[in-house]
Amino acid sequence: MSRFIVHGGNKINGEIKLQGAKNSILPILSAAVLTDGETVLRNCPELSDVYAAGRILTHLGCKIKKENNNSLVVVNNGISENTIPDRLMREMRSSIIFLGPVISRCGECSLSFPGGCQLGPRPLDIHLNSLRKMGVSISEEHGNIRCSAPAGIKGAKIILPFPSVGATENILLAAVLAEGETELRNPAREPEIIDLIQYLRLCGAKIDISEDSTLNIKGVSKLSGCEYSVIPDRIAAVTYMAAAAATGGALKITDTAGIDTELFSVYFEQMGCSVYTGNDSIYIKSGKRLKAIKSLKTMPYPGFPTDMQAIMMALLSIAEGTSVFEENIFESRYKHVDALNKMGADIKVYGKIAVVEGVKKLYGTEVEATDLRGGAAMIIASLAAEGTTVISNINHIDRGYENIEYLLSSVGADIKRKS
Ligand code: UD1
């Protein structure tokens, strides 16, 4: 099992190039099940989850090949399989977004519950109930889901009880080739959902977004592959900004065009950092001790993202004052707290509330990456800590960060991967 060995205390200083968005490329790869011919995807991050999506596409009958400059080519000359085996489903959470496309393309789909980060219960009722409204019969038994729609998928009016990201993606992907029109109210509004919609539109899908964010999808008979460049990864941007902020450094992040940086720069500014946003870059400078943020409540987009919670907690654990977090998206997303406390932080959890009393210093020790963003939080804490931190279970981190140790080393961090 690989580990990261981090000698803390070095300032992050310099310039790095931002990766493409994990949460865009994964649904776009599953959308390639729906598109005939060749799709060329640019700005694809090299991540273990992307390889896992590639293995599912290959299993379903597509050909996928890597090209230079972070491009992937997917050739879809017909889907030959409608079952996704458990070993492929368990590799990542996003395997569930293949359900909509496969049922749409094949009229049948069998798969099991997906793997991914353990953040508490992650039910699929919103996905499955929505597909039922679209004419899909579904049976669930011993963790297996069997779907069939012999008469094809039918457009429907769907109101989501919660703007679930995964359910919005599955419904969109089931609806684009459906018979008739689908009206989807209260969908997720994340930039990565908009990216998926832009890709589908280029392939020939008819999707309108009304002022209240309702999605109107008119089913078409065919989608054709296209060339598309994935948007930059806003959560990776936040992670690298946090690395600079934690170490009192200064960092320019390039290739950020299209990210709404205002949404997260505000938190770094509240902590006392200076942030400058250009057309295609973000610059952050941090000198003094960070200041606490009184209240951070995770909310659906455009609120404070749940994916930023662990990363910000690592930072605020060394800020001056008390910060209070409220995790409203997942029931069990504070698994990183024990590791931060082991490093000297003072964090108490009361149900969905976490109270962080900022300490002056963290100290290196042995910790585990409990999940993807919890693992990123361990890296941020270890960069700021005195002494050496050994982070195990880093396979979680590889799911979402391309070459993270290489990038951080290039701007001054002392971080090495050891197998
Ligand atoms: C969620 C996050 C997304 C993040 C990703 C990985 C939100 C709204 N979604 O997406 O930003 O990138 O995790 O960390 O912030 N739920 C149900 N039934 C369902 C589907 C979801 O009860 O059928 C619940 C979940 O248990 C969870 C919440 O809704 O409490 C959010 O789920 P959803 O947005 O679907 O999760 P992801 O797609 O994994």
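Numbering of ligands and ligand atoms starts at 1, following listing order.
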Thinking salt bridges, do Asp125 and Arg132 make one under a 4.0 Å N-O criterion?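 No salt bridge links Asp125 with Arg132.
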Qualifying residues under side chain to side chain donor-acceptor pair (under 3.5 Å), relative to Ser71, sequence neighbours excluded: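 Per chain and number, Ser71 pairs via side chain to side chain donor-acceptor pair (under 3.5 Å) with Arg42.
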Counting only heavy atoms closer than 4.0 Å, does ligand 1 sit against the backbone of [X], its side chain, both, or neither?
X	result
Val165	both
Asn23	side chain
Tyr301	neither
Arg333	side chain

Based purely on interatomic distance, does Asp125 place a nitrogen or oxygen under 3.5 Å from a nitrogen or oxygen of ligand 1?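 Such a contact does occur with ligand 1.
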Between Met299 and ligand 1, does any nitrogen or oxygen pair lie at a separation below 3.5 Å?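 No; the residue has no nitrogen or oxygen that sits under 3.5 Å from a nitrogen or oxygen of the ligand.
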Enumerated ligand 1 atoms positioned under 4.0 Å from heavy atoms of Phe162: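 Selected atoms, number and element: 8 (C), 28 (C), 29 (O), 31 (C).
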Can you name the atoms of ligand 1, numbered from 1 with element, that are less than 4.0 Å from a heavy atom of Pro123?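 Listed by number with element, the hits are 17 (C), 18 (N), 19 (C), 20 (C), 21 (C), 22 (O), 23 (O), 26 (O).
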Verify the ring-centre separation between Tyr267 and Phe304: is it less than 6.0 angstrom?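 Yes; Tyr267 has its ring centre under 6.0 Å from that of Phe304.
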Does one side chain, of Glu368 or His396, offer a donor that lies under 3.5 Å from an acceptor on the other?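 His396 and Glu368 do not have a side-chain donor-acceptor pair below 3.5 Å.
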More than 12 foreign heavy atoms under 6.0 Å from NZ of Lys218: is that the case here?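 No, NZ of Lys218 has 12 or fewer neighbouring heavy atoms, counting only those of other groups under 6.0 Å.
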Judged by non-hydrogen atoms, does Gln309 sit under 4.0 Å from ligand 1?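 The answer is no: ligand 1 sits nowhere under 4.0 Å from a heavy atom of Gln309.
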Hey, could you give me each pair passing ring-ring contact (aromatic ring centres under 6.0 Å, His included) that has a residue in residues 170-206? Not counting sequence neighbours.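 Of all non-adjacent pairs touching residues 170-206, those that pass ring-ring contact (aromatic ring centres under 6.0 Å, His included) are Tyr199-Tyr228.
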